[in-house]
Amino acid sequence: MTMASGESDQNPIPDDIAVEAVDLHKHFGDFIAVGGISFSVPLGQTFAILGPNGAGKSSTMKMVTTVSPATSGRLSVLGMDPVRDGRSIRARLGVVPQEDILDTEMTVRQNLVMYSRYFGISWSDAKAKADALLNFVQLTERANDKVDPLSGGMKRRLTIARALVNDPSLVLLDEPTTGLDPQARHLLWERLYQLKDQGVSLLLTTHYMDEAEQLADRLMVMDKGIIAAEGTPAELISQHCSREVLELRFQGHEPAELARIATAAQLRTETLPDRTLVYADDGDAALAHLQAQNIRPTGTLVRRATLEDVFLALTGRSLDE
Amino acid sequence: MTTTVLRPDISRTGLQHFFEYQIYRFRSSWRGLVVTGLFSPLLFLLVMGTGLGGLVDRGNHDLGTPSYLAYIGPGLLATSAMQWGTTQGLWPTMGELKWEGGYRAALASPLTVDELTVGHIGWISLRFFAASLLFSGVLTAFGVPQSWWFILAPLAATLTCAAFAAPTVAFSSAQTGDGLFPLVQRFVVIPLLLFSGAFFPISNLPTALAWIARLTPSWHGVELSRGLSTGSLTLVGALGHVAYCGAFILVGIHRSRAGIRKTLAA
């Protein structure tokens with residue numbers, strides 16, 4: 001394990017834990033990218049790290065991929081020490097970076113075959129695996145094409161296929177669907193579900209709440225290098241949010257008396273630039289109550305509370321900021 | 001997807017797999033190397049060796065070679081090593097580390113930073129070795145070598161190439177962009193090309209400049225190649241040139257490793 005000086009490895013990591021981090025820090029000079037986080041990812045589960053840009057998600061991922069050593073704290077990946085056993089850990093990892101770093105001088109299939117060779121996989125196994133993976137990510141028909149003409153979604157799927165050439169025990173995905181259209185995102189999610197069904201552990205970062213809700217067994221919300229909250233999506237919503245959210249839109253500013261009326265009714269509100277959110281277990285009842293108090297919005301929507309609302313409640317900011 | 005469980009074999013060095021990957025890629029880009037190894041020296045030899053050489057040979061000179069062509073031929077081999085090592089150490093390094101990010105992907109495999117560093121500098125040098133074989137063949141066709149020791153000239157030139165590639169990779173890996181690269185070409189490579197003794201003896205330079213020239217690995221590379229071509233090289237002299245270039249390679253690899261590690265971890 002990566003150990004801070006003075007710490008002892010008194011608690012061995014259980015065999016069923018893919019990643020265990022204890023008080024993990026990453027500093028770049030005076031800048032604290034990760035300020036002491038602890039989490040654990042059980043084998044076979046999907047764990048999401050959620051947060052806006054600069055939250056420390058990518059720095060955390062780079063420590064887990066063994067590329068960037070932790071400044072202090074304890075980190076174990078697949079039961080091994082990232083500093084001492086980097087090569088052995090990476091042999092069992094699949095890494096999907098934020099950018100699609102594909103070899104544009106090679107064809108789609110060659111990208112997979114040649115990358116397999118980095119893992120010491122035999123030529124025959126590498127070729128068979130490449131064909132199976134191309135089928136898995138629905139790129140068989142593009143096997144002999146160069147990479148450049150592929151669409152963004154296809155490149156992403158190829159990057160994911162490349163991360164699977166070594167049958168990894170743990171796949172790390174850094175913002176896997178950023179920049180993809182909804183159809184491409186859903187196809188990718190479906191493939192990630194299949195991986196999960198096969199027992200592969202997934203650790204992903206995202207700033208899409210729906211992605212985290214769709215994929216993750218557990219997640220942690222990071223903000224400014226620390227963990228703002230951790231749990232299952234349902235736990236986080238129930239702990240930090242009401243069951244429903246009432247969205248109100250007004251012509252111009254929201255009425256000055258709205259906050260007073262809501263507070264009197266024990267309803268929490270959040271004012272966004274384009275709308276006001278009212279957190280309530282029964283959105284329709286809350287709307288009726290406000291209308292009875294002469295609050296007249298131009299548009300209303302009652303919806304289920306999401307992780308986006310959790311993030312807003314925890315940090316006071318939306319994820320896009 | 002297949003249910004076969006693959007067993008990655010990381011017992012063998014990743015360097016082998018790194019070279020294998022590069023050689024596979026090279027199948028689509030080998031033509032550039034032929035230009036470096038064949039056409040550039042041919043042009044230089046025709047223009048400088050026979051054209052300018054015709055004038056030089058008519059005058060009185062004491063170059064220690066039967067002709068000006070025989071004088072500059074090995075020098076051109078060494079300076080092309082310097083140019084190849086520098087050029088390949090600048091932009092392609094930045095490309096693999098930052099622009100295209102091929103080494104980011106490679107480092108997600110069992111390859112280590114040490115293997116990437118040595119592999120990258122080694123691959124620059126290995127390609128130049130192939131070009132230097134062609135170059136040496138051209139020189140031989142022009143009747144340049146006067147000694148069988150010239151058979152070692154491609155190795156000497158490759159050493160010179162690595163002596164430039166290693167520090168240049170270190171420099172490139174420490175940069176955030178390629179803004180300074182043209183300046184390196186203009187204010188480092190061109191002066192070294194002109195003042196490394198490839199075209200005239202550095203004894204013709206003012207004393208101070210001559211001593212500065214002796215500190216450059218390009219001069220050592222030129223002397224090594226020329227000595228092998230003329231057969232005038234002593235063992236001590238050869239070892240001195242090799243050690244001097246070797247020091248640049250070792251320090252360059254050390255600094256490159258640090259730069260590459262820092263860049264890929266950022």
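By convention in this document, chain letters (A, B, ...) are assigned in the order of the sequence lines, proteins followed by strands, and residues within each chain are numbered from 1.
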Colleague: Please report the interatomic distance CZ(Arg87(A)) to OG(Ser109(B)), rounded to the nearest 0.5 Å.
Modeller: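 Rounded to the nearest 0.5 Å, the CZ-OG separation comes to 8.5 Å.
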
Colleague: Check whether more than 12 heavy atoms from other residues, nucleotides or ligands sit under 6.0 Å from atom CZ of Phe44(B), and answer yes or no.
Modeller: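 Counting other residues, nucleotides and ligands, CZ of Phe44(B) stays at 12 neighbours or fewer.
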
Colleague: Could you go through the salt bridge (Lys or Arg N to Asp or Glu O under 4.0 Å) check for Arg27(B) and Glu105(A) one step at a time?
Modeller: CA-CA 10 Å; Arg27(B) 298 190 311 180; Glu105(A) 290 182 29; over 6 Å; no

Colleague: Among the options Asp131(A), Thr159(A), Leu172(A), Asp103(A), pick out the one with the most heavy-atom pairs lying under 4.5 Å from chain B.
Modeller: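 The answer is Asp103(A).
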
Colleague: Other residues, nucleotides and ligands only: do more than 12 of their heavy atoms fall within 6.0 Å of CZ on Arg25(B)?
Modeller: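 Yes, the 6.0 Å shell around CZ holds more than 12 heavy atoms from other groups.
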
Colleague: With a 6.0 Å cut-off (strictly less than), is the heavy-atom count around CD of Gln183(A), excluding the residue itself, greater than 12?
Modeller: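 Result for CD/Gln183(A): open.
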
Colleague: Got a list of side-chain donor-acceptor pairs under 3.5 Å for residues 150-164 of chain B, not counting sequence neighbours?
Modeller:
| unit_1 | atom_1 | unit_2 | atom_2 | d |
| --- | --- | --- | --- | --- |
| Thr158(B) | OG1 | Pro154(B) | O | 2.7 |
| Thr160(B) | OG1 | Ala156(B) | O | 2.9 |

Colleague: Decide yes or no for Tyr24(B) and Met106(A): does some side-chain heavy atom of the first lie under 4.5 Å from some side-chain heavy atom of the second?
Modeller: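 Result yes, sub-4.5 Å side-chain heavy-atom pair found.
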
Colleague: State, without any angle test, whether Glu20(B) and Tyr118(A) hold a side-chain donor-acceptor pair at a distance under 3.5 Å.
Modeller: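 Absent: no donor and acceptor within the cut-off.
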
Colleague: Between Gln98(A) and Arg104(B), is there a side-chain heavy-atom distance shorter than 4.5 Å?
Modeller: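 Not in contact.
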
Colleague: Side chains of Glu100(B) and Thr104(A): closer than 4.5 Å at any heavy-atom pair?
Modeller: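 No - every pair of side-chain heavy atoms lies 4.5 Å or more apart.
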
Colleague: Please classify the contact between Met114(A) and chain B as side chain, backbone, both or neither, with a heavy-atom cut-off of under 4.5 Å.
Modeller: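 Both backbone and side chain of Met114(A) come within 4.5 Å of chain B.
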
Colleague: Do Arg90(A) side-chain atoms and Ala108(B) backbone N/O form a donor-acceptor pair below 3.5 Å?
Modeller: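 Checked: no pair found.
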
Colleague: Using a heavy-atom distance cut-off of less than 4.5 Å, which residues of residues 177-192 of chain B contact chain A?
Modeller: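 So no residue qualifies.
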
Colleague: Against chain A, label Ala106(B) side chain, backbone, both or neither, depending on which of its atoms sit under 4.5 Å from a heavy atom there.
Modeller: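 Both parts, backbone and side chain.
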
Colleague: Closest heavy-atom contact between Ile101(A) and Gly102(B)?
Modeller: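 Closest approach of Ile101(A) to Gly102(B): CG2-N, 3.7 Å.
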
